[in-house]
Amino acid sequence: MDSVIVSGKAFDGRSFREDVEVRVERGEIERVGRSNGEKSLSGDYVILPGLIDAHVHFFGVKEDRLLEWNLVPETLATARSVGDAIRLLSAGFTTVRDLGSKCALGLAEAIEEGRLLGPRIVASGYSIAETGGNDDPRDLPLEMGQSISYSFYCDSPWECRKAVRKCVRQGADVIKVYASGAFSSGGKIKPAFTLEELRAIVDEAHRADLKVAMHAYGEEAIGNALDAGADTIEHGLGLSESLAKEMARKGICYVPTLATYEVGLEVRKMNEEVRKARSELIRKHMEEDVKIARDNGVTIIAGTDYVGSSSRRHGENYREIVLLAKFLGLEGALRAASFDAALCLGLRGGSLEVGKWGDLALFKKVEDPSDLRPDNLEYIVIRGRAINGPQLRELARWVQY
Ligand SMILES: [Zn+2]
């Protein structure tokens with residue numbers, strides 16, 4: 001494999017530096033140092049570590065509806081996701097974490113084998129949920145719901161341990177748990193699972209050396225997730241100052257997935273009261289929660305919760321960086337999608353350091369978060385192989401939603 005030599009302004013995962021040379025050999029970063037102007041990829045560009053989206057789903061759906069997420073045939077979802085994988089790469093994302101879908105593990109393996117073009121995928125396989133919990137298509141009889149779900153339902157600590165073992169059996173890289181549901185009547189969020197069940201899940205996952213990502217809406221569910229020892233809090237709407245302090249103290253990372261709330265999705269029928277409570281919770285999340293997390297020293301990481309539907313398209317994942325930059329600034333938001341994300345997820349990527357993955361994203365310029373639009377990508381380097389950005393984009397353009 002040829003070596004890749006790039007030089008110019010660079011974001012090293014934490015901050016920008018001028019005149020940096022990065023050499024990638026045998027799929028790894030082999031040298032980072034002062035530039036003497038030598039480069040194997042011509043042109044002017046800013047060098048970034050390949051971007052990371054820590055929360056996606058490869059649902060392969062047309063419409064963003066609960067029933068469709070569950071009902072779409074696996075072969076169709078996988079086929080559609082092939083296009084999404086190309087789109088992600090053409091947008092500068094070299095690693096994504098899929099937190100619940102039926103096709104991500106297979107997709108990840110095919111990409112790893114080199115039979116398919118796409119980002120590295122860290123996948124949970126199925127997620128874990130309580131019976132009747134989040135994303136359970138409750139309009140259907142229970143057995144039917146379970147048979148089409150991308151979650152294993154479990155109730156009781158031992159069933160939950162078994163659910164983790166089933167995920168491990170699938171080949172999971174991470175365990176995803178729904179520690180809360182959506183809104184029930186009265187606008188109150190129902191926490192999912194008892195603390196005992198959540199602790200059993202975390203213990204079983206950690207025994208298998210897997211991190212646990214917990215979906216949590218509302219103070220009670222976030223509190224339970226922190227008590228149970230989750231590794232990342234997903235969404236985390238309703239964050240309070242005391243919870244943020246606890247999160248920081250325990251080194252648990254926060255994935256606020258702002259990009260998904262920007263879309264204004266509604267997946268369930270809601271009465272007026274619930275709708276109001278929900279929109280207030282989302283307003284606070286978009287305006288205050290990240291500030292609370294930041295001011296209390298929580299590590300914040302970028303995740304879109306995009307699923308590959310027409311409203312949440314893979315390939316536009318830079319939106320999360322744009323939204324986070326309002327609170328973290330450009331460097332902070334980039335760090336959330338690189339260095340910090342890799343640290344939280346336990347990955348050998350996310351920074352320009354010797355020995356890290358040879359994954360780079362070269363953008364025309366990066367002066368403002370909106371410069372991370374896919375049409376500014378000049379080259380992507382994945383596993384040490386460089387691909388021309390405009391050519392990849394031309395390919396991605398064929399993917400229609
Ligand atoms: Zn999600």
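In listed order, ligands and their atoms are each counted from 1. Predicted model only: the values in this text are computed from it and were never measured.
Side-chain atoms of Val255 and Arg97, non-hydrogen and from C-beta on, do get closer than 4.5 Å to each other. Considering only heavy atoms from C-beta on, Glu219 stays 4.5 Å or farther from Ile189 through its side chain.
The Zn ion (ligand 1) has an N, O or S atom of His55 inside 2.8 Å of it. The Zn ion (ligand 1) has His57 among its coordinating residues (N/O/S atom, backbone or side chain, under 2.8 Å).
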For this session: Report the C-alpha distance between Tyr126 and Tyr150 in whole Å, list the side-chain angles of each, state the deciding distance to 0.1 Å, and finish with yes or no for ring-ring contact (aromatic ring centres under 6.0 Å, His included).
Result: CA-CA 5 Å; Tyr126 277 38; Tyr150 51 85; 7.6 Å; no
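Nearest N, O or S atom of Asp305 to the Zn ion (ligand 1): atom OD1.
Using cut-offs of 30° and 60° on the angle between ring planes, the pair His235 and Tyr217 is perpendicular.
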